[in-house]
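The next block holds one structure in the form of structure tokens; read it before the comments.
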Amino acid sequence: QLQLVESGGGLVQPGGSLRLSCAASGFSLDFYVVGWFRRAPGKEREGVSFISTSGYSTNYADSVKGRFTISRDAAKDTAYLQMNSLKPEDTAVYYCAIVKSLYDKTFVPTEEYEYDYWGQGIQVTVSS
């Protein structure tokens, strides 16, 4: 069973930064696209950022462009979401998700239904 372990969440003041990690447990992340999603209180889950297997293709929601950066480290089988200039509206449970992509190294799906495996979610709270 593929398992994703998220870490790095917590409470931060507006304007602060956090880095979320999504580690693959027991398997290689090499052939998986990674996406970060979030669900704010009272809202539906939404896509935040996505990165292809090669790492060369990325995609960001308009609400986080210029503030968040997605990356991946093949040696550690881990993907990251660096979140800077955090705002109260970034408060949500953040999820990482993966989908296998064997051939297209630039494939970056952005819809929830396109992802097969999900982490348990981690809370990010932006508040003074």
Side-chain angles (χ1 to χ4, degrees):
Q1 183 72 9
L2 303 185
Q3 186 176 7
L4 300 170
V5 180
E6 295 136 334
S7 61
L11 173 65
V12 64
Q13 292 187 341
S17 298
L18 284 175
R19 187 178 78 159
L20 302 183
S21 299
C22 174
S25 178
F27 68 101
S28 171
L29 207 55
D30 283 355
F31 295 109
Y32 290 89
V33 178
V34 180
W36 285 97
F37 295 79
R38 67 185 181 187
R39 178 180 280 133
K43 295 186 177 181
E44 293 186 353
R45 189 155 57 184
E46 63 174 355
V48 176
S49 186
F50 313 89
I51 187 166
S52 64
T53 55
S54 65
Y56 293 133
S57 295
T58 59
N59 191 298
Y60 295 90
D62 288 343
S63 58
V64 306
K65 279 181 182 176
R67 301 188 298 122
F68 290 12
T69 302
I70 191 170
S71 62
R72 61 192 300 157
D73 186 332
K76 296 182 179 180
D77 287 321
T78 300
Y80 304 96
L81 186 68
Q82 178 67 43
M83 306 186 294
N84 299 330
S85 302
L86 282 161
K87 305 175 181 179
E89 50 264 44
D90 295 318
T91 295
V93 177
Y94 284 72
Y95 302 85
C96 68
I98 61 173
V99 59
K100 204 163 193 177
S101 179
L102 290 175
Y103 305 111
D104 186 348
K105 295 186 181 300
T106 63
F107 178 53
V108 184
T110 61
E111 298 297 328
E112 193 174 328
Y113 72 88
E114 297 180 277
Y115 286 81
D116 296 325
Y117 301 96
W118 293 77
Q120 78 283 1
I122 191 163
Q123 179 69 45
V124 170
T125 302
V126 184
S127 175
S128 54

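- Distance CD/Gln13 to CG/Leu86: 11.5 Å, rounded to 0.5 Å.
- Listed here is the closest heavy atom pair of Pro41 and Thr91: CD-O, 3.9 Å.
- A distance-only check finds no donor-acceptor pair linking the side chain of Glu6 to the backbone of Cys22 [under 3.5 Å].
- Asn59 and Thr110 share no side-chain donor-acceptor pair at under 3.5 Å.
- The distance from atom OH of Tyr32 to atom OH of Tyr115, rounded to the nearest 0.5 Å, is 13.5 Å.
- For Trp118 and Phe37, the gap between ring centers is short of 6.0 Å.
- The distance from the CG atom of Leu29 to the SG atom of Cys96 is 8.5 Å, given to the nearest 0.5 Å.
- Between Arg45 and Glu112, at least one side-chain nitrogen of the basic residue sits less than 4.0 Å from a carboxylate oxygen of the acidic one, meeting the salt-bridge criterion.
- Clustering of Ile, Leu, Val, Met, Phe, Trp and Tyr side chains at separations under 4.5 Å leaves Val5 isolated, with no partner residue.
- Residues meeting the side-chain contact (heavy atoms from CB on, under 4.5 Å) test with Ser128, sequence neighbours left out: Pro14.
- Taking CZ from Arg72 and CD1 from Ile51, the interatomic distance works out to 6.0 Å, rounded to the nearest 0.5 Å.
- Judged by distance alone, the side chain of Thr125 and the main-chain N or O of Leu11 form no donor-acceptor pair under 3.5 Å.
- Aromatic pair Phe50/Tyr60: centroids not less than 6.0 angstrom apart.
- A salt bridge does not link Asp90 to Lys87: none of the charged nitrogens lies less than 4.0 Å from a carboxylate oxygen.
- Between the CZ atom of Phe68 and the CG atom of Leu18 there is a distance of 9.0 Å, given to the nearest 0.5 Å.
- From Ser63, atom OG reaches atom CZ of Arg38 across 4.5 Å, with rounding to the nearest 0.5 Å.
- A side-chain donor-acceptor contact under 3.5 Å links Thr78 to the backbone of Lys76.
- In the hydrophobic cluster analysis, where Ile, Leu, Val, Met, Phe, Trp and Tyr join through side-chain heavy atoms closer than 4.5 angstrom, Tyr80 is grouped apart from Val124.
- Residue Glu89 places its CD atom among more than 12 non-hydrogen atoms of other residues, nucleotides or ligands, all under 6.0 Å distant.
- In terms of hydrophobic clustering, with Ile, Leu, Val, Met, Phe, Trp and Tyr side chains grouped at heavy-atom distances under 4.5 Å, Val48 and Val12 are assigned to a common cluster.
- Connection of Val34 to Ile122 is established within a shared hydrophobic cluster, with ILVMFWY side chains joined at heavy-atom distances below 4.5 Å, either directly or through further cluster members.
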